[in-house]
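Take a look at the structure set out below.
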Number of protein chains: 2
Amino acid sequence: MRITAQEEYGLRCLLQLAQQPEGEPLTVREIARREGLSAAYVEKLLHLLSRAGLTRSVRGQSGGYCLSRSPQQISLGEIIRALGGFVSDAEICNQFTGNLDCCVHVNNCGLRPLWRVAFYIQSMLDRIPLSALLHDEQKVERDLMETGRSSRLIV
Amino acid sequence: MRITAQEEYGLRCLLQLAQQPEGEPLTVREIARREGLSAAYVEKLLHLLSRAGLTRSVRGQSGGYCLSRSPQQISLGEIIRALGGFVSDAEICNQFTGNLDCCVHVNNCGLRPLWRVAFYIQSMLDRIPLSALLHDEQKVERDLMETGRSSRLIV
DNA sequence: GCGAAACCTGACTGATTTGTCAAGTTTCTT
DNA sequence: AAGAAACTTGACAAATCAGTCAGGTTTCGC
């Protein structure tokens, strides 16, 4: 269970965009410079994020990338899903790679409670806006406490 | 941010061991049969878990594997760490693969709040015992609510 | 118009992760 | 003591992921 490189670097790019004044696009080259990444890699990440509807590109000489919504309206959950995905219902027993014809647990999956945990984590991330990462760490902590108290697992 | 194959299958093996009567080892062959995995792969997973101190092997003709502690005393967090690890403090800025000599955020890392989130998730998993996955899903839900209320991020 | 600056895209290479194989060592049963 | 059942281990092949490259298309400023 790890945060992938793609998620980390993609998020860094988004944080750069989030610090930009409204409506002023930032170039790939500039983001790459600030984050110490190659321009090609930043392009790939931003392309992924644009496909997911999180960023918007402006072509042409004075173009670049913007967030498509305000940092308050973009959640960490969305970002994680755009950049590599999370465990999801669909892939649980279908993508089973074992020897049997299908997952032996298909009728009474002993791991279903684990997926429940995963969904819980995901719903927690859905409640944390990108803007939370712009502020101090205490802010994030308060947000987490909030989700901890209020969220329920959907039965 | 995903649960890896190794984590999933390793956990399945542990769940098989957890259902075994105390002190009766289960053979690799039998676990493999029940889970529809190859014996070689199950061996590899159990070897990893033994190294982490979660399982114990009994050699010889009537041997096999047991849990080294009761399912109540083994947490999901430990299991995840044994089977592929979680993000950890040490690897955050050190393993940075960018072009710069070191992470450009080393002094004021914009992602630190994200690691805080990761640690929070990890501490939540540390509070869920393996035994919780043996019971019904409502049980897991109650456990999660408990951790949601009681845990604090360590500052 | 035309060239420079910027985004767009798919193919490709290297690294990591998955899962297998094969040749051990240990222990029990008879 | 011999053989079978079981764990041990390191090397390997296949699949997936990270990151690069090259050659596009679009737009702006002059």
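Letters A, B, ... mirror the listed sequences (proteins, then strands); counts begin at 1. Treat the numbers as computed from the prediction; the structure is a model and nothing was measured.
Taking atom CD of A:E43 as the reference point, atom C1' of D:dA18 lies 16 Å away to the nearest angstrom. Taking atom CG of B:L48 as the reference point, atom P of D:dT8 lies 12 Å away to the nearest angstrom. If you take OH of B:Y9 and P of C:dT20, they are 10 Å apart, rounded to a whole angstrom. In this structure, A:I3 atom CD1 and D:dC17 atom C1' are separated by 17 Å, rounded to whole Å. Rounded to whole Å, the distance from CZ on A:R29 to P on C:dA5 is 8 Å. Here the P atom of nucleotide C:dG19 and the CD atom of B:E7 are 12 Å apart, to the nearest Å. If you take CD of B:E35 and P of C:dT18, they are 17 Å apart, rounded to a whole angstrom. In this entry the distance linking NZ of A:K44 with P of D:dC21 reads 13 Å, nearest Å.
Distances shorter than 4.0 Å separate some side-chain N or O of A:S38 from OP1 or OP2 on D:dT20. For C:dC8, the OP1/OP2 oxygens have a side-chain nitrogen or oxygen of A:S57 closer than 4.0 Å. OP1 or OP2 of D:dT8 lies within a sub-4.0 Å distance of a side-chain N or O belonging to B:Y65.
Panel note: side chain B:E7, backbone B:T4; a donor-acceptor pair is recorded below 3.5 Å. Proximity of a side-chain donor or acceptor of B:T55 to a complementary backbone N or O of B:S50 within less than 3.5 Å is detected. Judged purely by atom type and a 3.5 angstrom limit, A:Q6 uses its side chain to pair as donor or acceptor with the backbone of A:L83.
B:L134 and B:L11 fall within a single hydrophobic cluster, where Ile, Leu, Val, Met, Phe, Trp and Tyr side chains are chained together by heavy-atom contacts under 4.5 Å.
A donor-acceptor contact under 3.5 angstrom links the side-chain atoms of A:R59 to the base of D:dT25.
Within the 4.0 angstrom heavy-atom criterion, only backbone atoms of the sugar-phosphate kind lie near A:L26; the bases stay farther away.
If you find the closest nucleotide of DNA chain D to A:A5 and to B:G64, the one lying nearer the 5' end belongs to B:G64. Between B:H47 and B:G60, it is B:G60 whose nearest contact on DNA chain D lies nearer the 5' terminus.
Between B:E78 and B:R81 there is no salt bridge, since none of the side-chain N atoms of the basic residue sits less than 4.0 Å from a carboxylate O of the acidic one.
Picking from D:dA18, D:dC28, C:dA6 the nucleotide with the shortest atom distance to the side chain of A:S62 gives D:dC28. Distances were taken from every side-chain heavy atom of A:Q61 (C-beta onward) to each of C:dA5, C:dC7, C:dC21; the shortest belongs to C:dA5.
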